Amino acid sequence: MTLVGGGPGAVDLLTVRAWRALQAADVVVADRLGPVEILAELPPHVRVIDVGKEPGRHPVPQERINELLVEHALAGADVVRLKGGDPFVLGRGGEEVLACVAAGVPVEVVPGITSAVAVPGLAGIPLTHRGVTTGFHVVSGHCATTPDVSDARITPGNRASGASGPLDATALSCVRDGTATLVVLMGVRSLGAIVAQSLAAGADPGTPVAMVENGSTPEQRVTRARLDEAAAVAAARGVRSPAVVVIGRVAAAGLLEGADERRLAGAGV
């Protein structure tokens with residue numbers, strides 16, 4: 001089985017090694033996100049199995065995905081598991097590798113361009129920039145125990161109490177102290193909770209936030225706001241998944257003056 005990272009979505013960001021693996025496949029088990037357009041270009045004999053997940057809707061459970069990989073590999077098929085981004089960056093690729101190894105199925109990993117880095121870059125947002133920040137921290141905004149908060153009304157009382165939420169202590173430190181850029185994947189539904197938790201921890205309400213939807217595709221769109229207004233602005237503009245949320249000084253408009261935030265597409269800045 002070959003575990004392939006397909007990149008953020010644009011077909012031309014698929015690596016050569018990934019393309020070769022897809023061309024040699026008998027079965028491709030594919031996600032909803034990533035370079036799905038490439039599936040139409042595969043040889044006619046290739047069987048494509050759609051196991052794509054949407055927010056709040058997982059028609060094929062992860063356990064069944066693991067079983068599909070093992071079943072087809074043990075039947076003698078050359079199986080490719082095509083995932084968006086990089087399979088080991090919040091992609092549950094490790095679980096799929098373990099399932100195959102436990103069944104005696106050898107696995108090759110083809111890394112992909114992670115959306116955590118690529119999508120902000122395509123929008124003209126450098127995750128590190130000399131004189132601004134020298135590091136970044138990537139987290140998932142999805143948390144089963146986090147309520148779906150669409151509005152973040154912060155009062156002096158809950159600001160002081162340190163409200164709970166999806167961010168861990170390191171992520172909160174990044175936002176509060178500006179020690180690193182915070183990148184949140186799968187964070188649209190929990191954006192209100194992220195804002196509330198950050199402000200309750202003492203973060204500057206004016207901290208820049210950028211939300212990049214559909215990165216690397218023609219539908220890419222960037223929405224910017226202050227931290228304390230981010231949830232309301234996102235709701236007003238109808239920000240939807242898939243989106244990458246960047247919190248920190250690098251998300252400020254005009255940091256890279258002259259950059260096309262709609263889609264750099266590899267052009268010089």
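All values derive from a computational prediction rather than experimental measurement.
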Completion exercise
In short, Leu256 meets Gly124 closest at the heavy-atom pair CD1-O, 3.5 Å

Problem - OG1 on Thr207 to CZ on Arg176, rounded to 0.5 Å - result: 11.5 Å

Practice task
Could you tell me whether the side chain of Arg224 and the main chain of Ala251 form a donor-acceptor pair under 3.5 Å?
Solution key: yes

Handout entry: Non-neighbouring partners of Glu95 that pass salt bridge (Lys or Arg N to Asp or Glu O under 4.0 Å), sequence neighbours left out
Key = Arg92

Problem - Gap between atom CZ of Arg240 and atom CD of Glu219 - 0.5 Å precision - result: 15.5 Å

Practice task
Grab the two heavy atoms, one from Pro35 and one from Ala10, that are nearest each other, plus how far apart they are.
Solution key: CB-O, 4.3 Å

Exercise for the section: Give a yes or no on this: more than 12 heavy atoms of other residues, nucleotides or ligands lie within 6.0 Å of atom CD of Glu37. Expected result: no

Problem - Side chain to side chain, Val48 and Asp50, heavy atoms closer than 4.5 Å - result: no

Practice task
Kindly give the heavy-atom pair with the smallest separation between Ala21 and Val80, and that separation in Å.
Solution key: O-CG2, 3.5 Å

Practice task
Could you tell me whether a side-chain N or O of Ser198 sits under 3.5 Å from a main-chain N or O of Ala203, the two making a donor and an acceptor?
Solution key: no

Practice task
Let me know which of Val138, Val246, Leu167 forms a side-chain contact (heavy atoms from CB on, under 4.5 Å) with Leu182.
Solution key: Leu167

Problem - Smallest separation among heavy atoms of Ala73 and Val105, with atom names - result: CB-CG1, 3.6 Å

Completion exercise
The complete set of side-chain hydrogen bond (donor to acceptor under 3.5 Å, both in side chains) pairs with one or both residues in residues 229-238, sequence neighbours excluded, reads Thr223-Arg237

Exercise for the section: Just jot down the salt bridge (Lys or Arg N to Asp or Glu O under 4.0 Å) partners of Glu108, sequence neighbours excluded, or say none. Expected result: none

Practice task
Find out whether Val110 and Leu3 are in side-chain contact, i.e. whether some heavy atom of one side chain is under 4.5 Å from a heavy atom of the other.
Solution key: no

Completion exercise
Between Val188 and Ser241, the two heavy atoms sitting closest are CG2-N, 4.1 Å

Problem - Min side-chain heavy-atom separation Ile49-Val28 under 4.5 Å - result: no

Fill in the blank from the handout: Applying side chain to side chain donor-acceptor pair (under 3.5 Å) to Glu63 and not counting sequence neighbours gives none

Handout entry: With sequence neighbours excluded, residues passing salt bridge (Lys or Arg N to Asp or Glu O under 4.0 Å) with Glu71
Key = Arg64

Problem - Check: Thr181 side chain, Gly248 main-chain N or O, donor-acceptor pair, under 3.5 Å - result: no

Problem - Atom of Cys100, atom of Leu69 and distance for their closest heavy-atom approach - result: SG-CB, 4.1 Å

Exercise for the section: Indicate yes or no: at least one non-hydrogen side-chain atom of Val244 is less than 4.5 angstrom from one of Val184. Expected result: no

Practice task
Could I get the full list of salt bridge (Lys or Arg N to Asp or Glu O under 4.0 Å) partners for Arg17, not counting sequence neighbours?
Solution key: none

Handout entry: Backbone of Ala18 reached by a side-chain donor or acceptor of Thr15 within 3.5 Å
Key = yes

Handout entry: From CG (Leu172) to OG1 (Thr179), nearest 0.5 Å
Key = 10.5 Å

Fill in the blank from the handout: With sequence neighbours left out, the residues meeting side chain to side chain donor-acceptor pair (under 3.5 Å) with Ser173 are Asp177

Exercise for the section: For residues 193-217, pull every pair meeting salt bridge (Lys or Arg N to Asp or Glu O under 4.0 Å), keeping only residues two or more places apart or in separate chains. Expected result: Glu213-Arg221

Fill in the blank from the handout: side-chain hydrogen bond (donor to acceptor under 3.5 Å, both in side chains) pairs touching residues 113-134, sequence neighbours excluded, are none

Problem - Minimum side-chain heavy-atom gap Arg189-Leu191 below 4.5 Å - result: no

Fill in the blank from the handout: In short, side-chain hydrogen bond (donor to acceptor under 3.5 Å, both in side chains) pairs touching residues 73-86 with sequence neighbours left out are Asp31-Arg81, Arg81-Glu96, Lys83-Glu96

Handout entry: Under 3.5 Å donor-acceptor, Gln220 side chain and Ser216 backbone
Key = yes

Problem - For Arg249, all residues meeting side chain to side chain donor-acceptor pair (under 3.5 Å), sequence neighbours excluded - result: none

Handout entry: With Asn214 via side chain to side chain donor-acceptor pair (under 3.5 Å) - residues at least two apart
Key = none

Exercise for the section: For residues Phe136 and Val250, determine if any side-chain heavy atom of one lies less than 4.5 Å from a side-chain heavy atom of the other. Expected result: no

